[in-house]
Amino acid sequence: MKLLEYEAKQFFAQEGIRIPKGILASKYEEICTPSSTWPENVVIKAQVDVGGRGKAGGVLMADHTAVIETARKLFNSTIKGVPVQRILIEERLAIQHEYYVSITIDRTKKQPVILFAEAGGMDIEETAHAKKDAIRSVSFSPLLSDVPGFLLRELCGNAPAEIQKTVNQLYHVFCKKDALLAEINPLVTTPDGVYAADAKLIIDDNCLDRQGIAVNRDLTDREREAEKHGFSFVEMDGSIGVIGNGAGLTMATLDLIEYYGGRAADFLDVGGGADSERVMHAVRLVAGVPSVKVIVVNLLGGITRCDEVARGIIAAGAPVPVIVRIAGTNAEEGRRLLSEKGYEMLDTMDHVVKKAVEVTG
Ligand code: GDP
Ligand code: MN
């Protein structure tokens, strides 16, 4: 789950990383205080989960006389289509230099990896493309509780020693918060020392419980519902609902939809041995995706029994057409049940997908 900047900054501060003084506002009215109470210069930052926020107009500068007016402008805007519900007003730092640091996991090496660039800031992507050696990286054993000093020196090059210390503190956050990503861009030097001017933290969804996070905000209501049933479910924006069993078969169905020029509305893997009730929940869930015009059910009966699948589809009573391809255990009986109710069945996944693409135009 992605945290917003102000949340990530609190965790960074707990590890001793310096963050600018600031206040969070979720309503324009909350900040209508006289200009004399504001610092001379501030940065006003939309708290939205959007990459390239600064370039998209989500980070505004103001002096103390213009705080309220600038904040109002930001509250009334959308950043890359996302409405601004919270803003962070911070004392503006006197930035001397912007660095980039990011910690993630190198899945090939099965180790944490730290990326560092002397030239951080909003153009980091371009910098990384243009200059191959602009970003240095080190990885090390996950059993170490600190980044080894020699690696910090190698990583940070000529940057001041306090930068190295901050990188190590960021690594502590990364470990303690079960993060998949902990990033500061820019990590800045100022006359008062080193500060995290921005903050990014993504918590591993598998660890939300342990982190005391009850609700994964990144999931849609339907994705959360699916989690309860134990379905692997991802909502997308096409019009063809997909239900399969096994990640491979379901992915192959998505690929085929794309191949024939259609757009999938979801990925739903009911898992092995699904009974009629499970299938019913799956069909209802997918039918509830607003963009769905037709549902493709592509199931292979192994331990899953196709007659159970048929009963589930019938019980769901989806308001959109359901096109079925079932094969394997008890397929005959399943087909009989479905054809009694007038469901369309085709023999191969190629045919069901083609048909669904046709239906959705
Ligand atoms: P992002 O676009 O979402 O990554 O937003 P950032 O929080 O990184 O801000 C974008 C840019 O605004 C930074 O790279 C800085 O150049 C600038 N910026 C942010 N905070 C400050 C600040 O306190 N002082 C100054 N001078 N510039 C800032
Ligand atoms: Mn940034």
Side-chain angles (χ1 to χ4, degrees), residues 2-13 17-25 31 38-67 70-71 73-75 77-104 114-131 134-135 159-160 162-163 166-167 169-170 173-174 179-202 218:
K2 295 193 199 98
L3 299 188
L4 292 170
E5 176 190 9
Y6 77 93
E7 299 170 303
K9 275 184 169 162
Q10 293 313 313
F11 291 141
F12 289 10
I17 296 173
R18 249 186 292 191
I19 58 167
K21 279 200 211 82
I23 63 153
L24 179 77
I31 49 159
W38 294 108
E40 187 63 29
N41 290 301
V42 300
V43 188
I44 306 182
K45 311 176 88 176
Q47 297 301 288
V48 288
D49 170 21
V50 161
R53 175 185 54 168
K55 285 185 177 170
V59 178
L60 303 176
M61 307 282 166
D63 72 12
H64 65 114
T65 62
V67 175
T70 312
K73 215 167 79 190
L74 200 53
F75 266 131
S77 65
T78 57
I79 308 301
K80 291 190 177 170
V82 181
V84 178
Q85 283 169 339
R86 268 163 295 214
I87 61 171
L88 184 62
I89 304 179
E90 287 183 337
E91 193 169 25
R92 195 185 315 165
L93 302 166
I95 297 179
Q96 292 168 322
H97 190 82
E98 301 193 349
Y99 297 92
Y100 165 90
V101 58
S102 182
I103 308 180
T104 184
I114 310 183
L115 308 177
F116 185 89
E118 306 252 356
M122 293 197 285
D123 293 324
I124 187 69
E125 276 89 5
E126 289 79 4
T127 309
H129 274 294
K131 266 182 75 196
I135 295 186
E162 202 187 338
I163 293 281
T166 310
V167 170
Q169 287 166 324
L170 186 65
V173 177
F174 180 81
L180 294 177
L181 180 83
E183 186 176 289
I184 305 176
N185 185 35
L187 170 63
V188 303
T189 48
T190 75
D192 307 321
V194 167
Y195 280 85
D198 192 8
K200 202 165 171 181
L201 193 61
I202 302 177
D218 291 355

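Any value given below was found using the heavy atoms of this structure, including those in side chains, with hydrogens, waters and symmetry copies removed. Read the numbers this way: they start at 1 and go in the same order the structure lists the ligands and their atoms. Keep in mind the model is a prediction, meaning the values are calculated, not measured.
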At a 4.0 Å cut-off, with the gap strictly under it, does some heavy atom of Arg92 reach an atom of ligand 1?
-> yes
What pair of heavy atoms forms the shortest contact from Ala71 to Ile31, and how long is it?
-> CB-CD1, 3.2 Å
Of all the heavy-atom pairs spanning Leu3 and Phe11, show the shortest one and how long it is.
-> CD1-CE1, 3.4 Å
Minimum non-hydrogen distance to atom 11 (C) of ligand 1, winning option of Arg53, Glu98, Met122 = Met122
Would you mind checking which non-hydrogen protein atom is closest to atom 25 (C) of ligand 1, with the distance to 0.1 Å?
-> Ile95 CD1, 3.3 Å
Has the side chain of Asn185 got a donor or acceptor atom that lies under 3.5 Å from a matching backbone atom of Met122?
-> no
Atoms of ligand 1 under 4.0 Å from any heavy atom of Gly54, numbered from 1 in the order shown, are 1 (P), 2 (O), 3 (O)
What part of Val188 sits under 4.0 Å from ligand 1 if we count only heavy atoms: the side chain, the backbone, both or neither?
-> neither
Is it true that Phe116 and Tyr100 have ring centroids separated by less than 6.0 Å?
-> no
For Pro186, the ligand 1 atoms with a heavy-atom partner under 4.0 Å come out as 8 (O), 13 (C), 14 (O)
Between the Mn ion (ligand 2) and Met122, is there an N, O or S atom separated by less than 2.8 Å?
-> no
What's the OD2-the Mn ion (ligand 2)-O angle here (Asp198, Asn185), rounded to 10 degrees?
-> 100°
What protein heavy atom sits nearest atom 7 (O) of ligand 1, and how far off is it?
-> Lys45 NZ, 2.6 Å
Any idea which protein heavy atom is nearest atom 17 (C) of ligand 1, and the distance to it?
-> Met61 CE, 3.9 Å
Output, in order, the C-alpha distance, side-chain angles, deciding distance and verdict of salt bridge (Lys or Arg N to Asp or Glu O under 4.0 Å) for Asp198 and Lys9.
-> CA-CA 8 Å; Asp198 192 8; Lys9 275 184 169 162; 5.4 Å; no
Which heavy atom in Ala197 sits nearest to a heavy atom in Leu93, and how many Å separate them?
-> CB-CD1, 4.1 Å
Work out which heavy atom in Thr104 is nearest to a heavy atom in Leu180; give both atom names and the distance.
-> OG1-O, 2.9 Å
Glu118 backbone acceptor or donor facing His97 side chain under 3.5 Å | yes
Nearest heavy atom to atom 12 (O) of ligand 1: which of Asp198, Val59, Ile79 does it belong to?
-> Val59
With respect to atom 20 (N) of ligand 1, which of Val43, Asp123, Leu93 exhibits the smallest heavy-atom separation?
-> Val43
